[in-house]
Number of protein chains: 2
Amino acid sequence: MKKETSSNSLNEQFLFQSCELNSALKVISGRWKAQIVYSIWSGNDRFSLLKQELSAISEQVLSRQLKELETQAILVKIPIPETVPAGISYRLTSKGIELVPILQALCNWGKQYPEENCIPLSACVTG
Amino acid sequence: MKKETSSNSLNEQFLFQSCELNSALKVISGRWKAQIVYSIWSGNDRFSLLKQELSAISEQVLSRQLKELETQAILVKIPIPETVPAGISYRLTSKGIELVPILQALCNWGKQYPEENCIPLSACVTG
DNA sequence: CATCTTACTCACAATTTTGAGCGTTATTGA
DNA sequence: TCAATAACGCTCAAAATTGTGAGTAAGATG
């Protein structure tokens, strides 16, 4: 539970009001978020596909991250009819899609100034 | 202290190895980091100027963030000679400078899909 | 000598984020 | 009836990040 009156929270709000940059960063800086967005963009639109791609993630954590991305309108959940059990397709919104080139830019920036080796996923931004 | 063998840490490493995107995000997603980079870029190259700009930050926290950005080679500290007490000028490296357009893109993205009001700092990315 | 300033360091506490375990719904098929 | 699958919800604990308080150096100034 977030304490709205903590220094931590007030500082966060200060930054949010300073520039949209900070709230934008908050949206995508969660542990698996950027990779999930990229993975969906590259075609992994089902829960099970994402789970496969992000092999180290647990179902519960994936579920939570997807829910948060949905709350922030980065993606939408679309029930797939006539499937059993009922499946859900994850689709990026225009907000989510416009994020992708920025993530690619970040990826390239990271590659230009590397600190560690990089073993790309199939969904890796430049893979 | 970081526990190198925690699930948390292992998952982080998994993402770092998946794509540079994730390590790049880690570098700039700290509480004040992006705003500090932008603020230095726009001319606030002294500790006291940054403190003034980011009015809610404490000296201790500012110092720590600057040190981390220095460790990640986003900026360098240049002692200013013939000042008393000895001042330090903060300068972005090329790595830091190349980050700026990405931060601007993020800021614009945030503005295009706003969730809250935005009262720009003088250093705000599009201000 | 006491004090001010700049730019910090260090240890510790508060807060937030992330992960783990367990349970749920709904439907199909053996 | 039992198992299996998709996609979660809930609660709690572990870990990480962020903030606080106190203190430091070195030269200038009163």
Side-chain angles (χ1 to χ4, degrees), chain A residues 1-15 22 25-33 35-36 44-52 54-71 75-90, chain B residues 1-15 22 25-33 35-36 44-52 54-71 75-90:
Chain A
M1 199 72 83
K2 206 138 180 170
K3 299 209 171 177
E4 303 286 352
T5 57
S6 66
S7 296
N8 196 322
S9 200
L10 292 175
N11 284 341
E12 191 177 54
Q13 284 168 40
F14 170 84
L15 285 168
N22 299 295
L25 264 176
K26 168 91 175 186
V27 168
I28 57 168
S29 66
R31 169 60 48 96
W32 305 86
K33 298 235 177 83
Q35 197 67 54
I36 288 173
N44 298 298
D45 68 332
R46 300 294 301 274
F47 195 90
S48 51
L49 292 173
L50 290 168
K51 199 171 68 171
Q52 213 171 1
L54 307 168
S55 60
I57 202 171
S58 78
E59 296 187 354
Q60 294 70 20
V61 171
L62 176 55
S63 175
R64 192 193 299 165
Q65 301 298 318
L66 286 169
K67 193 179 178 186
E68 286 174 19
L69 288 168
E70 189 193 16
T71 300
L75 55 81
V76 287
K77 299 179 185 177
I78 298 171
I80 305 173
E82 295 168 36
T83 49
V84 166
I88 289 184
S89 173
Y90 299 91
Chain B
M1 198 73 83
K2 207 139 181 171
K3 300 211 171 178
E4 302 287 352
T5 58
S6 66
S7 296
N8 196 322
S9 202
L10 292 174
N11 284 341
E12 192 177 55
Q13 284 168 41
F14 170 85
L15 285 169
N22 300 295
L25 264 176
K26 168 94 174 183
V27 168
I28 57 166
S29 66
R31 172 56 50 95
W32 304 86
K33 298 236 177 77
Q35 197 66 56
I36 288 173
N44 298 298
D45 68 333
R46 299 295 302 274
F47 195 90
S48 51
L49 291 172
L50 290 167
K51 200 171 69 170
Q52 211 173 1
L54 308 168
S55 60
I57 202 172
S58 77
E59 296 187 356
Q60 294 73 15
V61 172
L62 175 55
S63 175
R64 191 192 302 162
Q65 303 297 317
L66 285 169
K67 194 179 178 184
E68 287 173 18
L69 288 169
E70 188 192 16
T71 300
L75 55 81
V76 287
K77 299 178 186 179
I78 298 171
I80 304 174
E82 295 168 34
T83 48
V84 167
I88 288 184
S89 174
Y90 298 90

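First the proteins, then the strands, lettered A, B, ... as listed; each starts at 1.
- Distance B/I80 CD1 to C/dT5 P: 18 Å, rounded to the nearest Å.
- In this structure, A/L25 places its CG atom 12 Å from P of D/dT18, rounding to the nearest Å.
- Partners of B/R31 according to the salt bridge (Lys or Arg N to Asp or Glu O under 4.0 Å) rule, which considers only residues two or more places apart in sequence or in another chain, are A/E12.
- The two residues B/I36 and B/L54 make their nearest non-hydrogen contact at CG1-CD1, 3.5 Å.
- We find that CG of A/L49 is positioned 14 Å from C1' of D/dT5, with the value rounded to whole Å.
- Contact between the side-chain N/O atoms of A/K26 and the OP1/OP2 oxygens of C/dT16 is not found at any separation under 4.0 Å.
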Pick out the pairs of N or O atoms, protein on one side and nucleotides 22-25 of chain C on the other, that lie under 3.5 Å.
| from | atom 1 | to | atom 2 | distance (Å) |
| --- | --- | --- | --- | --- |
| C/dC22 | N4 | A/Q60 | NE2 | 2.6 |

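- B/W32 places a side-chain heavy atom less than 4.5 Å from the side chain of A/N11.
- By the side chain to side chain contact (heavy atoms under 4.5 Å, CB included) test, A/S29 is found to be paired with B/S29, residues two or more places apart in sequence or in another chain being considered.
- Using a 4.0 Å heavy-atom cutoff across all strands shown, A/S48 reaches sugar-phosphate atoms only and no base atom.
- Residues satisfying the side chain to side chain contact (heavy atoms under 4.5 Å, CB included) criterion with A/E68, sequence neighbours excluded, are A/K33, A/R64, A/Q65.
- Considering only residues two or more places apart in sequence or on other chains, A/L49 meets the side chain to side chain contact (heavy atoms under 4.5 Å, CB included) condition with A/N44, A/D45, A/R46, A/Q52.
- Dashed line: the shortest gap from a side-chain N or O of B/N11 to OP1 or OP2 of C/dG19 is under 4.0 Å.
- For B/K67, there are no salt bridge (Lys or Arg N to Asp or Glu O under 4.0 Å) partners at least two apart in sequence or on another chain.
- The interatomic distance linking A/N8 (CG) with C/dC12 (C1') rounds to 16 Å, in whole Å.
- Between C/dA20 and B/S7, a contact under 4.0 Å exists linking OP1 or OP2 to a side-chain N or O.
- Here the nucleotide nearest the side chain of A/R31, chosen from D/dT17, D/dA15, C/dG19, is C/dG19.
- Contacts between residues 61-69 of chain B and DNA chain D, counted as heavy-atom distances below 4.0 Å, involve B/V61, B/R64.
- Within the 4.0 Å cut-off from OP1 or OP2 of D/dT18, not a single side-chain nitrogen or oxygen of A/S6 is found.
- The interatomic distance linking B/E12 (CD) with C/dT18 (P) rounds to 10 Å, in whole Å.
- Between A/K77 atom NZ and D/dA6 atom P the separation is 16 Å, expressed in whole Å.
- Dashed line: the shortest gap from a side-chain N or O of A/R46 to OP1 or OP2 of D/dA7 is under 4.0 Å.
- Nucleic acid contact for A/K33: none, since no nucleic acid atom lies under 4.0 Å from a heavy atom of the residue.
- Put simply, A/W32 has a side-chain N or O that comes within less than 4.0 Å of OP1 or OP2 on C/dG19.
- What separates CG of A/D45 from P of D/dA7 is a distance of 9 Å, to the nearest Å.
- By the side chain to side chain contact (heavy atoms under 4.5 Å, CB included) test, A/E59 pairs with A/F47, A/K51, sequence neighbours left out.
- In this structure, B/L66 and B/L50 have side chains that are in contact, with non-hydrogen atoms separated by less than 4.5 Å.
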